[in-house]
Amino acid sequence: MALGTTDPTAGMREFLRKRGGCAVIDGGLGTELEANGADIKDALWSSKCLFTCPGLIKKVHLDYLEAGSDILITASYQATIQGFESKGFSREESESLLRGSVEIALDARDTFLEKYPAAPCDVSKDEINSKKHSILVAASIGSYGAYLADGSEYSGDYGKEGTLEFLKDFHRRRLQVISEAGPDLIAFETIPNKLETQAYVELLEECNIQTPAWFAFSSKDGVNVVSGDSLAECVSIAISCKNVAAVGINCTPPRFIHALILSIRKVTDKPILIYPNSGECYDAEKKEWVASTGVSDEDFVSYVSNWYEAGASLIGGCCRTTPNTIRAISRALQGV
């Protein structure tokens with residue numbers, strides 16, 4: 001399903017209207033791949049699975065669709081041409097892997113939608129109809145810090161490489177390849193600072209990207225983005241681009257989300273998306289999550305109606321959330 005390029009925001013609002021006013025984004029991909037046996041302790045993280053176990057990526061996509069997701073995010077968050085080349089892939093092979101991340105998600109959507117017209121007779125008509133709604137595929141683009149795999153996506157401190165032209169050069173071809181692969185959306189995720197926000201906006205315009213986009217920022221204090229830059233300023237830069245269909249927050253502890261939604265609402269009336277992490281802490285050096293630092297699925301989902309009432313209309317989960325989390329979110333949103 002395309003949102004349309006003349007007015008992506010209107011297209012997103014129409015998508016949400018057809019979904020009853022709110023939609024469900026999927027949950028953590030890398031951590032769910034790991035839970036299914038994938039080894040992702042690597043600089044490429046979940047993107048390593050694009051060449052080691054692409055079938056497992058499709059399985060996880062399907063698990064999220066079965067759980068009630070309306071939007072799939074591709075396994076390209078840490079997929080970069082530079083990262084693949086560092087593993088010995090050629091430029092052509094690296095670009096093929098980028099396209100593959102979108103193709104796997106599109107294939108999962110097709111497989112899922114083909115399943116329900118032939119559903120067994122003991123499945124209710126309402127259940128079949130609910131499964132056959134349009135599903136969006138959002139192609140993930142992580143920050144430069146995600147490529148570095150040193151935790152700097154959670155600080156926005158890129159040192160001497162933190163210049164506008166450097167970041168544009170780094171992301172340019174990746175953005176072009178992923179957009180040409182045919183996703184419904186480009187998902188700029190875990191954006192840590194104002195500078196990278198500006199780089200994305202300029203690239204969308206300079207490269208004449210027609211695919212609608214969303215911008216998702218991360219915060220560790222519930223006020224600013226992780227670099228300390230003003231969230232309101234970052235959102236204002238993002239919405240200056242006509243391609244932007246929605247803005248919001250991802251990979252941020254649930255306890256901060258409500259205040260962040262209210263802050264965004266003061267700046268824009270575009271649809272707001274939120275997909276927090278489980279609240280757990282990540283050790284970038286060990287490349288593992290610190291146990292017992294997050295919230296349970298039940299506690300996570302208890303926030304959902306408040307987030308919706310505050311103004312979020314696209315709600316899902318990020319790292320360490322699971323299909324069970326998304327299933328619970330879907331059920332909670334059916335009651336709002």
Side-chain angles (χ1 to χ4, degrees), residues 9 12 16 22-31 69-71 73 77 138 140-143 145-146 153-156 185-194 196-197 200-201 213-239 241 244-282 294-295 299-321 325-326 329 332-333:
T9 301
M12 179 62 81
L16 290 167
C22 52
V24 181
I25 303 171
D26 64 8
L29 180 58
T31 50
S69 296
D70 302 302
I71 302 174
I73 301 177
Y77 174 75
S140 173
I141 290 185
S143 69
E153 74 225 72
Y154 298 110
S155 70
L185 288 158
I186 302 291
F188 295 105
E189 301 190 281
T190 325
I191 307 169
N193 57 33
K194 189 164 57 175
E196 202 151 22
T197 307
Y200 290 146
V201 165
W214 83 38
F215 280 56
F217 303 92
S218 58
S219 173
K220 55 190 176 186
D221 62 5
V223 178
N224 301 305
V225 299
V226 293
S227 65
D229 290 341
S230 161
L231 173 63
E233 288 184 32
C234 290
V235 170
S236 296
I237 292 169
I239 63 175
C241 178
V244 175
V247 292
I249 302 292
N250 79 298
C251 213
T252 294
R255 67 184 182 277
F256 293 140
I257 296 299
H258 188 268
L260 293 166
I261 295 170
L262 297 179
S263 296
I264 294 170
R265 180 55 69 217
K266 292 177 182 177
V267 182
T268 183
D269 62 356
K270 285 183 182 287
I272 293 177
L273 56 99
I274 58 103
Y275 48 115
N277 57 37
S278 66
E280 293 171 87
C281 300
Y282 184 69
V295 298
D299 288 339
F300 186 102
V301 173
S302 71
Y303 290 104
V304 169
S305 61
N306 287 334
W307 293 338
Y308 176 75
E309 290 168 6
S313 52
L314 299 113
I315 300 175
C318 201
C319 298
R320 303 287 278 184
T321 59
T325 317
I326 300 309
I329 289 173
L333 288 175

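Side-chain atoms are counted along with the backbone in the values below, which use heavy atoms only and exclude waters and symmetry mates.
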Task: Single hit among V244, T268, V225 for side chain to side chain contact (heavy atoms under 4.5 Å, CB included) with V235 - done: T268

Open item on the list: Please enumerate all residues that pass side chain to side chain donor-acceptor pair (under 3.5 Å) together with T9, with sequence neighbours excluded.
Closed with: K270

Open item on the list: Are I249 and I264 packed together at the side-chain level, in the sense that at least one heavy-atom pair is separated by less than 4.5 angstrom?
Closed with: yes

- [ ] Using side chain to side chain donor-acceptor pair (under 3.5 Å) as the criterion, list what pairs up with S218, not counting sequence neighbours.
- [x] none

Task: Side chain proximity check, Y200 to I141, heavy atoms < 4.5 angstrom - done: yes

Task: Partners meeting side chain to side chain contact (heavy atoms under 4.5 Å, CB included) with A259 (sequence neighbours left out) - done: none

TODO: Flag the pair L16 / P271 as yes when at least one side-chain heavy-atom distance between them is below 4.5 Å, and no otherwise.
DONE: yes

Task: Atom pair CD1 (I73) and CD1 (I25), whose distance is rounded to the nearest 0.5 Å - done: 5.5 Å

Task: Minimal non-hydrogen separation, A238 against T197, with atom names - done: N-CG2, 4.0 Å

Task: S143 to E196 - nearest heavy-atom pair and separation - done: CB-OE1, 3.2 Å

Task: Validation row: F215, I237 side chains within 4.5 angstrom (heavy atoms) - done: no

Open item on the list: Strictly distance-based, threshold 3.5 Å: is any side-chain N or O of D70 a donor or acceptor partner for the main-chain N or O of A23?
Closed with: no

Task: ring pair (Phe, Tyr, Trp, His ring centres under 6.0 Å) partners for Y275, two or more places apart - done: W214

Open item on the list: If I compare all heavy atoms of G248 with all of I272, which pair ends up nearest, and what's the gap?
Closed with: CA-CG2, 4.5 Å

Show every donor-acceptor pair shorter than 3.5 Å between a side-chain atom in residues 304-315 and any protein atom, with sequence neighbours excluded, or say none if there are none.
none

TODO: Check whether any side-chain heavy atom of N277 sits under 4.5 Å from a side-chain heavy atom of R320, and report yes or no.
DONE: no

TODO: Would you give the length of the straight line joining atom CD1 of I274 to atom SG of C318, rounded to the nearest 0.5 angstrom?
DONE: 11.0 Å

- [ ] Could you pull out the closest heavy-atom pair between G27 and T321, with the gap in Å?
- [x] CA-OG1, 3.5 Å

- [ ] Return the set of residues passing ring pair (Phe, Tyr, Trp, His ring centres under 6.0 Å) with Y77 (not counting sequence neighbours), or none when no residue passes.
- [x] none

Task: Where P254 and Y303 come nearest, the two heavy atoms and their spacing - done: CB-CE1, 3.6 Å

Task: Which atom of L273 lies closest to which atom of A246, heavy atoms considered - done: CD2-CB, 3.6 Å

- [ ] With the side chain counted from C-beta on, respond yes when M12 and L185 share a heavy-atom pair under 4.5 Å apart, and no when they do not.
- [x] yes

Open item on the list: Please check: side-chain N/O of S227 versus main-chain N/O of P192, any donor-acceptor pairing under 3.5 Å?
Closed with: yes

Open item on the list: Does any part of the side chain of Y154, heavy atoms only, come nearer than 4.5 Å to the side chain of C251, both counted from C-beta?
Closed with: yes

TODO: Look up atom CD1 in I191 and atom CG in N193, then write down how far apart they are to the nearest 0.5 Å.
DONE: 9.0 Å

Open item on the list: Rounded at 0.5 Å granularity, tell me how far CD1 in I326 sits from CD1 in I329.
Closed with: 4.0 Å

Task: Inter-residue atom distance C234.SG - D229.CG, 0.5 Å rounding - done: 5.0 Å

